[in-house]
Q: 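After the structure tokens below, expect a handful of questions from me.
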Amino acid sequence: MEKRDILSMSPDELSAALKELNEPAFRAKQIYSWLHSQCVTSFDEMTNISKALRQKLDDNFVIFGVSIEKKLISEYDDTQKYLFKLHDGEFIESVLMKYKYGYTLCVSTQVGCRMGCKFCASTLDGVVRNLTASEILSQIYEAQRDNDIKISHVVLMGMGEPLDNYDNVMRFLELITDEKGQNMSMRHISLSTCGVVPKIYDLMEKNLQLTLSVSLHAPSDEIRSAMMPVNRKWGVDELLTACRKYTDKTHRRISFEYAMVSGSNDSDDCARLLAKKLKGILCHVNLIPVNEVKETCCKKSSRERIEAFSAILEKNGFAVTVRRKLGSDINASCGQLRRNSKNV
Ligand code: SAH
């Protein structure tokens with residue numbers, strides 16, 4: 001019999017599974033608390049549970065956690081990049097950032113990525129597999145334990161496309177915000193997508209309080225399709241229609257990510273077209289000077305170009321920020337995470 005992934009189970013699923021093992025409901029509550037509040041990594045640490053039951057748990061379940069393989073600390077800021085090893089020997093990366101308001105962890109949702117964006121290191125070797133909810137949670141639990149801190153904010157902006165691993169990501173959201181576990185505020189979570197339109201509609205129906213980030217990067221199909229293959233399936237207008245409906249339904253502001261690539265998507269014309277296309281959408285635009293990835297040849301736009309681009313958007317009434325780059329000396333910035341860091 002295959003052992004069940006206990007850290008991914010909802011409280012109800014855990015109660016039902018314990019009931020099958022003839023254990024009372026309060027045991028399920030105790031175990032859930034060990035897993036998601038104390039964040040233990042083995043059944044042996046559950047000290048208020050009998051040895052016999054601990055053995056029974058070990059026979060029936062497994063805790064699919066991640067373990068720290070390597071950690072790099074930036075010399076410029078307090079950013080830390082973790083290379084985590086998974087139970088099957090695969091690797092993923094997460095980035096811990098310190099802000100005035102607390103700690104944010106950027107988590108991965110897949111081993112690799114299949115979306116193929118031309119400027120991103122995470123997709124260079126394609127996707128290997130989805131992460132389980134437990135493996136997404138465990139990135140947070142391990143980083144907390146390692147630093148003896150509480151992480152208050154999470155961004156699903158590491159390796160992978162969260163909406164390409166929809167069910168596990170939804171389970172992760174349910175567990176991380178559960179008051180009997182970490183009780184993280186949904187408002188402190190950002191989910192970033194390259195634009196998997198049908199799943200944006202699914203997410204819209206859930207009406208969650210999280211922040212949806214959309215990696216837009218270009219205002220026209222011509223430029224966007226050259227940068228992001230996903231655009232050939234769901235074009236700019238189809239994506240922005242979904243975004244408009246999303247904000248209408250949830251009343252939550254969307255954050256549009258726009259990586260500025262010199263000579264590609266950073267002209268005044270692009271800025272004007274972007275302003276036209278985003279008109280009426282409750283949103284914020286985040287400009288990111290593209291980060292260099294050695295296998296791609298994207299060059300970042302100059303500071304002057306970014307300022308001019310930003311000024312056009314602001315003149316049209318948009319809230320714009322230019323993303324501060326953290327952890328660049330350790331390849332921990334947007335689009336620089338990869339599964340083979342061990343060999344880099
Ligand atoms: N797959 C999701 C989640 C990844 S989030 C998505 O595409 O949104 C990572 C963010 O960094 C995305 O906005 C992505 O487009 C951006 N990014 C990727 N490579 C980058 C690079 N080289 N420089 C700057 N941003 C990059």
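In each ligand, atom 1 is the first atom listed, and ligand 1 is the first ligand listed. Note that these values count all heavy atoms, side chains included, but never hydrogens, waters or copies made by symmetry. Positions are given from 1, in the same order as the sequence printed here. Source: prediction; values computed, not measured.
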Q: Starting from atom 25 (N) of ligand 1, find the nearest protein heavy-atom neighbour and note its residue, name and distance.
A: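 It is C334 CB, 3.4 Å.
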Q: Could you tell me the residue and atom name of the protein heavy atom closest to atom 9 (C) of ligand 1, and the distance to it rounded to 0.1 Å?
A: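 So the nearest neighbour among protein heavy atoms is M157 O, 3.5 Å.
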Q: Under 4.0 Å, counting heavy atoms only: does G158 come that close to any atom of ligand 1?
A: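 G158: in contact with ligand 1 (<4.0 Å).
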Q: What protein heavy atom lies closest to atom 18 (C) of ligand 1? Include the residue and the distance to one decimal.
A: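 Atom 18 (C) of ligand 1 sits closest to the protein heavy atom G335 CA, 3.3 Å.
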Q: Report yes if the distance between the aromatic ring centroids of Y101 and H153 is under 6.0 Å, otherwise no.
A: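 Yes, the ring of Y101 comes within the 6.0 Å limit of the ring of H153, centre to centre.
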Q: Using modelled atom types only, decide if a donor and an acceptor are shared between the side chain of S108 and the backbone of E93 within a distance under 3.5 Å.
A: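 Side chain of S108 to backbone of E93, a donor-acceptor pair under 3.5 Å: yes, one is there.
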Q: I need the contact type for T296 against ligand 1. Using non-hydrogen atoms and a strict under-4.0 Å cut-off, is it side chain, backbone, both or neither?
A: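 For T296, no heavy atom sits under 4.0 Å from ligand 1.
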Q: Is the side chain of R145 donor-acceptor paired with the backbone N or O of C39 at a distance under 3.5 Å, no angle test?
A: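 The answer is yes, because a donor-acceptor pair under 3.5 Å joins these two groups.
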Q: D77 and T79: side-chain donor and acceptor closer than 3.5 Å?
A: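 Yes.
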Q: Where on E257 is there a heavy atom closer than 4.0 Å to ligand 1, on the side chain, on the backbone, on both, or on neither?
A: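 Just the side chain.
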Q: What residue and atom, counting heavy atoms only, is the protein's closest point to atom 15 (O) of ligand 1, and at what distance?
A: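 For atom 15 (O) of ligand 1, the nearest protein heavy atom is H217 NE2, 2.5 Å.
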Q: Is any N or O atom of R323, backbone or side chain, closer than 3.5 Å to an N or O atom of ligand 1?
A: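 Among all N and O atoms of R323, none is under 3.5 Å from an N or O of ligand 1.
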Q: For atom 23 (N) of ligand 1, which protein heavy atom lies nearest, and how many Å away is it?
A: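 Going atom by atom, the protein heavy atom closest to atom 23 (N) of ligand 1 ends up being N291 N, 2.8 Å.
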